[in-house]
Chemist: 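So that we are looking at the same thing, I have put the structure below in structure tokens.
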Amino acid sequence: MTANHHAGDDSVHIGVEDFKQRFEGAEPLTVLDARNREPWEASPVKVKGAMRWTGQIDPSWPADRLTVVY
């Protein structure tokens, strides 16, 4: 899998194929949809199990798994 890590932060950028492999595999993920409320509500397309992210960090999110924001 290919990932781009940016120095100075904890983010890793993965491509669509990497995401699909991880999502369909055994690795547990937290998936956050970063669209604004109106586009999110209007869209018929959502990643199964994704939560809408409002920009706030929720301390209940598991720290031991990859969190994907799209």
Side-chain angles (χ1 to χ4, degrees):
M1 289 183 215
T2 303
N4 297 319
H5 182 72
H6 296 276
D9 67 25
D10 290 332
S11 66
V12 174
H13 297 243
I14 63 173
V16 172
E17 289 304 315
D18 286 345
F19 172 75
K20 286 172 66 174
Q21 287 178 356
R22 291 171 190 241
F23 186 76
E24 293 169 355
E27 180 179 354
L29 302 174
T30 300
V31 182
L32 305 175
D33 187 324
R35 291 179 286 182
N36 289 326
R37 184 177 52 89
E38 293 84 9
W40 180 79
E41 288 176 351
S43 177
V45 179
K46 296 182 176 94
V47 173
K48 183 178 180 180
M51 299 175 281
R52 194 174 80 77
W53 182 46
T54 61
Q56 301 294 320
I57 301 295
D58 185 336
S60 70
W61 293 334
D64 61 342
R65 65 172 62 177
L66 179 65
T67 298
V68 177
V69 180
Y70 76 99

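Residue numbers start at 1 and run along the sequence shown.
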Chemist: If you measure from CD1 on I14 to CG on L29, what distance do you get to the nearest 0.5 Å?
Modeler: 7.5 Å
Chemist: Are V68 and F23 close enough that some pair of their side-chain heavy atoms sits under 4.5 Å apart?
Modeler: no
Chemist: Over all heavy atoms of both residues, which pair between R52 and N36 is shortest? Give the atoms and the distance, please.
Modeler: NH1-C, 3.9 Å
Chemist: Among the clusters formed by ILVMFWY side chains lying less than 4.5 Å apart, do V69 and M51 turn up in the same one?
Modeler: yes
Chemist: Is there side-chain contact between T54 and R37, with at least one heavy-atom pair below 4.5 Å?
Modeler: no
Chemist: Run through Y70, W40, W61 and flag the one making a side chain to side chain contact (heavy atoms under 4.5 Å, CB included) with W53.
Modeler: W61
Chemist: Using atom types as modelled and distance alone, determine if a side-chain donor or acceptor of D33 lies under 3.5 Å from a backbone N or O of R35.
Modeler: yes
Chemist: Would you say K46 has more than 12 foreign heavy atoms packed within less than 6.0 Å of its NZ?
Modeler: yes
